[in-house]
2 protein chains.
Amino acid sequence: MDVPFATVERIAKYLRCLKRIKNKKIKLVSSQTLAEHTKVTAEQVRKDLAYFGKFGRTGTGYDTEKLAKKLEKILNPKLNWNVCIIGAGALGHALTNYPDFKKAGFNITVLFDSDPKKIGNKIGTAKIYDVKKFSPITEKKKIEIAIVATPENAKEEIEQIITKSKIKGIINFTPATLNIKSKRKIPIIDVDLSQKMYILSFLITKGKRRQ
Amino acid sequence: MDVPFATVERIAKYLRCLKRIKNKKIKLVSSQTLAEHTKVTAEQVRKDLAYFGKFGRTGTGYDTEKLAKKLEKILNPKLNWNVCIIGAGALGHALTNYPDFKKAGFNITVLFDSDPKKIGNKIGTAKIYDVKKFSPITEKKKIEIAIVATPENAKEEIEQIITKSKIKGIINFTPATLNIKSKRKIPIIDVDLSQKMYILSFLITKGKRRQ
DNA sequence: CTTTGTGAAAATGTTCACAGCC
DNA sequence: GGCTGTGAACATTTTCACAAAG
């Protein structure tokens, strides 16, 4: 059975919500509660969960902690990833220090940049390397995820170095669509911040609420 | 006719792509070309555009510059927004300096924080104010969009100050779902970076490519 | 001959409604 | 009474296929 992409997105939302609820020492949660906290319908929550199994008890709801663990296992079975950031600019800096990544099991190990002034510097415990050494360093440090936080015009260079590397997945903060011509299927998640602004602008002027 | 949200998202992508193509002095573009650059189908491009009008010429394609202008008008008819950022941490800093926002007509005018050490400082031309002064300052400076870049635990406080304010739209970098209890419909765009990592992790381990 | 714009068909995603269980 | 899990109904979105236009 093929899981809809929207379901995966929502499962990640539920997980977040469960973690928050767990901290408040609430043992049980219903699909209704979960739905209210994530702005979807209760049926949707149950349908989404049904793609992966039966996690609840009729008449009772879901055990907050158990469900959180199951969802974490579904979304991140590996539990720990080494991650690099390409582009040690302001955004790269901010992402390196982003506390939630480590909490979720994504460790920013190294950064890459082409600016000789930056190469060799450290951001926290993460060192900045020359982007020319991308493949050897990512392979040596067993880095499987790359976050692209460079200016848009670096597109072609980024595509080349990633294609040649063993990177397994990409988060792309560049507005450009990356084309990685590899036999392996490399998933790419685009996070285009200007796009979000445009969408918001559209929703405001058209009087819509939907995100 | 109701425009699907996915269509709005893609229109923003097409706009980006058109701007890139325009810089390369390419006068005409077909739905096929646009589709290849944005990883959708040509029919999808045409259907999406059809929600807003007829922009092409049969047998010829679309005038790159004209189409870009039309799409910009659709997505951002106002052309200029004053934007504030709540939370002057690393992410707030990076977003303030994010060059693409200004290019797209979104001007980060002020920031807000609760840390007395930060209040009064400047990031570029943007000054950091006490978050307690949110309403008077946003009203005085005619700020209509707020970017929330605070830690998750500020949720309730943020909800309160925005509810009381005249803010018209929100970009939320917090993993929490914000509930603004206002009669006006305030669109909220969530950008949950950990969620993106989880989704990527899922796609890598399940061998999917779809973003 | 190329490419748009668009009804119709197919596929996908969401909500309804309720049986079954606590 | 309260809540999950799920087939069936419904709604939406995407793809197909082609007429019309340059």
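It should be emphasised that the depicted structure is a prediction, and the values quoted were computed from it without experimental measurement.
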*With distance as the sole criterion, do the side chain of B/Lys47 and the base of D/dT13 form a donor-acceptor contact below 3.5 Å?*
no
*What is the distance, rounded to the nearest whole Å, between atom CG of A/Leu34 and atom P of D/dG5?*
12 Å
*Rounded to whole angstroms, how far apart are NZ on A/Lys54 and C1' on C/dC21?*
12 Å
_Side chain proximity check, B/Ser30 to B/Tyr62, heavy atoms < 4.5 angstrom_ = no
*Tell me, do A/Trp81 and A/Asn76 make a side-chain contact under 4.5 Å, heavy atoms counted?*
yes
*asked:* Among C/dA17, C/dT6, D/dT13, which nucleotide has an atom closest to any side-chain atom of B/Pro4?
replied: D/dT13
*Has B/Tyr62 got a side-chain N or O lying under 4.0 Å from the OP1 or OP2 atom of C/dG5?*
yes
*Measure from CG on A/Asp63 to P on D/dC3 and round the result to the nearest Å.*
16 Å
*Which atom pair, heavy atoms only, marks the closest approach of A/Phe173 to B/Leu193?*
CZ-CD2, 3.8 Å
*Between B/Thr58 and D/dA20, does any side-chain N or O lie under 4.0 Å from OP1 or OP2?*
no
*Taking only side-chain nitrogens and oxygens of B/Arg10, does any of them come within less than 4.0 Å of OP1 or OP2 of D/dT14?*
yes
*Contact class for B/Arg57 vs. all strands (heavy atom < 4.0 Å): base, sugar-phosphate, or nothing?*
sugar-phosphate
_I want to check one thing: is the phosphate of D/dT14, taken as OP1 and OP2, less than 4.0 Å away from some side-chain N or O of B/Tyr51?_
no
_Nearest whole Å is fine: how far is D/dT6 P from A/Glu43 CD?_
15 Å
*Run the salt-bridge test on A/Lys155 and A/Glu159 with the 4.0 Å N-O cut-off and return the result as yes or no.*
yes
*CZ of B/Phe52 versus C1' of C/dT6: gap in Å, rounded?*
17 Å
*When the distance from CG of B/Leu49 to P of C/dT6 is rounded to whole Å, what number comes out?*
11 Å
*Going by heavy atoms in the side chains, are A/Thr150 and A/Phe112 under 4.5 Å from each other?*
no
*Give the minimum heavy-atom separation between A/Ser194 and B/Arg16, together with the two atoms involved.*
OG-NH2, 2.8 Å
*Keeping the roles fixed (side chain from A/Ser201, backbone from B/Leu75), state whether a donor-acceptor pair exists under 3.5 Å.*
yes
*Quickly work out the A/Phe5 CZ to C/dT14 P distance and round it to whole Å.*
13 Å
*How about B/Glu36 and B/Gln32: does a side-chain donor come under 3.5 Å of a side-chain acceptor?*
yes
*asked:* Does anything in residues 22-33 of chain B come within less than 4.0 Å of DNA chain C? Heavy atoms only, and list the residues if so.
replied: B/Ser30, B/Ser31
*Over how many whole Å does the gap from A/Phe55 atom CZ to D/dT6 atom P extend?*
11 Å
*For B/Arg46 and B/Gly59, take the nucleotide of DNA chain C holding the closest heavy atom to each; which residue's nucleotide lies nearer the 5' end?*
B/Gly59
*Position toward the 5' end of DNA chain D (nearest nucleotide), B/Asp48 or A/Gly61*: A/Gly61
*Does the side chain of A/Gln44 get closer than 4.0 angstrom to OP1 or OP2 of C/dT15 through an N or O atom?*
yes
